[in-house]
Protein chains: 2
Amino acid sequence: MGATIRDVARAAGVSPSTVSRALAMSELVNPATVERVRRAAESLGYQPNPVARGLITGRTRNLGLIVPDLANPFFPGVVKGMQARAREADYAVFVADTDEDPGLESRLARKLAKQVDALVLCSPRLADDELLALAADVTLVLLHRRAGDLPAVLADNAGGMRQAVGHLSALGHRRIGLVAGPVSSWSNSERVAGLRAACAGRVELTELGNFAPTFDGGVAAADIVLASEVTAVIAYNDVMALGLVNMFTARGVGVPGRISVVGCDDIPQAAMSSPPLTTVAVPKEQTGRAGVDLALALLDPAGPGPAPARELGAQLLVRGTTGPAGR
Amino acid sequence: MGATIRDVARAAGVSPSTVSRALAMSELVNPATVERVRRAAESLGYQPNPVARGLITGRTRNLGLIVPDLANPFFPGVVKGMQARAREADYAVFVADTDEDPGLESRLARKLAKQVDALVLCSPRLADDELLALAADVTLVLLHRRAGDLPAVLADNAGGMRQAVGHLSALGHRRIGLVAGPVSSWSNSERVAGLRAACAGRVELTELGNFAPTFDGGVAAADIVLASEVTAVIAYNDVMALGLVNMFTARGVGVPGRISVVGCDDIPQAAMSSPPLTTVAVPKEQTGRAGVDLALALLDPAGPGPAPARELGAQLLVRGTTGPAGR
DNA sequence: CCCACCTCTACAAACGATTGCAAAGTGTTT
DNA sequence: AAACACTTTGCAATCGTTTGTAGAGGTGGG
């Protein structure tokens, strides 16, 4: 269909190899020839075939990204960041969604592995050893997950929790509840651990079961939170926090009058709800960008060795769901 | 790195071509040989290189999907549906996000075109003639957009609007407002037209400017709606409707007591807001699936010719933001 | 004036698979 | 026993590019 390099060669009166060099390594070719080739390529609308190029170079200039659930408003931010950075580096991105299914995650990863130069896994649900096995087959970067010493981009969960507790503590809260997310989530463990450390010796922490990281999970947790007699609650993520607030409101429990609520992630809806949600913001786009940076560094043979992990800051955003501890 | 077909051939004591046939067209090969090849491939962990295969077959088994904005909760549903269907057909999906920028959309489309068998454009912002030009270079499927007679998957906007007006009319509303979305959006024009037709002769329709299809767009429209003295309002999409409800509530205007609100799309947040949003649901996952079906049919050389357009139903979901027309 | 050297270009061999064609081997028919 | 058909397999070309190597042509120095 499209013009090939041979068509351009014929049109320019040179050999295909000269065309290739003129277009890619023009300093090795006579400027006049380069110009002639350029013009021929232009007039034929020649676009190099990335498949053929990939076959010989072994590089596809594609990156893969696997996320648990695109419908979770947290992930589109990561995807956008990754796409933007990839585009700058002239890479394209395959995106796959696993529906939170580890089996599917594994299969998708292996399938994608052959078509991309590096695979970026965001919040993978796979076990550590499976991730390490995967890393043997393909250049791998982890986002929001640590496994062995695989390259990873992480958020400062501990720092974020510290800020949240500091904020609540300053408002007079002495009993804080934690609505935990899924056990299989590494971020959840991190946040729980960070929260414990931040509370230690200052405020009493009541940990409330594990709930689904969804709006309904938050709804389900709401009454349990109320029964626990805390004056503030921190949820594993914003979606759950929104569920909590919604149910509190339905129960006639004032937020933040009677109870304060803090979420995590800072999804777009957090700022739009009423009252707007106080939350620990995790840099989403930046995570995606950093993932590409790491992947590119790993791919670069002349690179200054691997930068195994990169930690991004987390930032408490005080909005409308936190206030002074009630009577 | 990975084993090639030659490695398998050597291990099985046959030629590469036999390996290829044994794996792909096993009925042409002696069953015993097939078994031997299978075993060899298995033990070497052989995975055919899709790049090499793509070079000779001219098929990549990849599909491209371009959406205006992944952060808009409408699109992840489409992406998920498309991925699921593509996975069933053993295709992978490239996803790109244009940030609502037509220029970027055009560039991404052309770049992706070489790497995929077909390109699916969801709610493209490009002009008709550009879309037609693109279709000359790559198999193209449009979602929620008609251009020339390019293959397309559409929603029954007119039907949805008819249901919405019927519902509001039954509740006693005689003056309905319309908060329109971006002029460049084809869906917007469709919905406006559908609404006009549905209202004709029954209820008075007040069309209110064009607003950004965002939460803030809805917020900005709220006071204008109130000034227009309608008893119900239909927004271009749910995100805007949510902005409207939010601002109405902030102004102390009861929803649905004083004014009823209807959205479009049925994004996940629509059901989670309070009160939950009455909306015209558009099948999102099904749109994605239908897009793949259309693309596959187009790609199939033995196919029964092109099915140029497919229309999906729209369904009014009555929830909490609509009620009887106030005093 | 010749040789060495440098610049530029062409040839050909990859990359890893698929596939048309021919050859080898087996069984059947005349 | 020869000819034929059919099954099974291997050879070699091919897809469109990149890249190592060699050769052609030109320039400058000895």
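Chain A is the first sequence line, chain B the second, and so forth, proteins listed ahead of strands; every chain is numbered from 1.
Straight-line distance from the CZ atom of B:R59 to the P atom of D:dC15: 17 Å, rounded to whole Å. In this entry the distance linking CZ of B:R61 with P of C:dT18 reads 12 Å, nearest Å. Taking atom CG of residue A:N49 and atom P of nucleotide D:dG16, one finds them 7 Å apart after rounding to whole Å. Between the CZ atom of A:R21 and the C1' atom of D:dG16 there is a distance of 16 Å, rounded to whole Å. At whole-Å resolution of the value, CD1 in A:I56 and C1' in D:dG16 are 9 Å apart. For the pair A:K114 NZ and C:dG16 C1', the computed distance is 12 Å after rounding to whole Å. We find that CG of A:L28 is positioned 11 Å from P of D:dG20, with the value rounded to whole Å. Residue B:N30 contributes atom CG, which lies 19 Å from atom P of C:dA24 at whole-angstrom precision.
Counting only distance, with no hydrogens or angles, the side chain of B:T57 and the backbone of B:R53 share a donor-acceptor pair below 3.5 Å. At distances below 3.5 Å, at least one donor-acceptor pair connects side-chain atoms of B:T287 with backbone N or O atoms of B:P283. Side chain of B:R145 to main chain of B:L126: a donor-acceptor pair is present (N/O by atom type, distance under 3.5 Å, no hydrogens or angles). Panel note: side chain B:D69, backbone B:E100; no donor-acceptor pair is recorded below 3.5 Å. Distance alone, capped at 3.5 Å, places no donor-acceptor pair between the A:K114 side chain and the B:V51 backbone.
The side chain of A:A52 has D:dG16 as its nearest neighbour among C:dG16, D:dG16, D:dT9. Closest to the side chain of A:S17, out of C:dC11, C:dT9, D:dG10, is C:dC11.
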**Prompt:** When you look at B:V67 and B:T98, which way does the side chain to side chain contact (heavy atoms under 4.5 Å, CB included) test go after all the steps?
**Reply:** CA-CA 6 Å; B:V67 299; B:T98 67; over 6 Å; no

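No N or O donor and acceptor, one from the side chain of B:R6 and one from the base of D:dG10, sit under 3.5 Å apart.
Counting non-hydrogen atoms under 4.0 angstrom, A:V51 reaches nothing in the nucleic acid. Heavy atoms of B:P50 sit nowhere under 4.0 angstrom from any nucleic acid atom.
Few gaps surround CZ on A:R61; more than 12 heavy atoms of other groups in view lie less than 6.0 Å from it.
Of the residues in residues 33-45 of chain B, those with a non-hydrogen atom less than 4.0 angstrom from any atom of DNA chain D are B:T33.
Using five terminal pairs a side, the axes of the helix from C:dC1-D:dG30 to C:dT30-D:dA1 at its two ends make an angle of 70°, given in steps of 10 degrees.
Using modelled atom types, one finds no donor on one side chain facing an acceptor on the other under 3.5 Å when comparing A:S20 with A:S17. The closest side-chain donor-acceptor pair between A:S187 and A:S185, if any, does not fall under 3.5 angstrom.
Place A:P48 and B:V29 on DNA chain D by their nearest nucleotides, and B:V29 ends up nearer the 5' end. Comparing B:M25 and B:L55, the nucleotide of DNA chain C nearest to each residue sits closer to the 5' end for B:L55.
For B:S20 and C:dT18, the shortest distance from a side-chain N or O to OP1 or OP2 is below 4.0 Å. Between A:S15 and the phosphate of C:dC11, there is no side-chain N or O to OP1/OP2 separation shorter than 4.0 Å.
Ring to ring, A:F74 and A:H144 are close: their centroids are under 6.0 angstrom apart.
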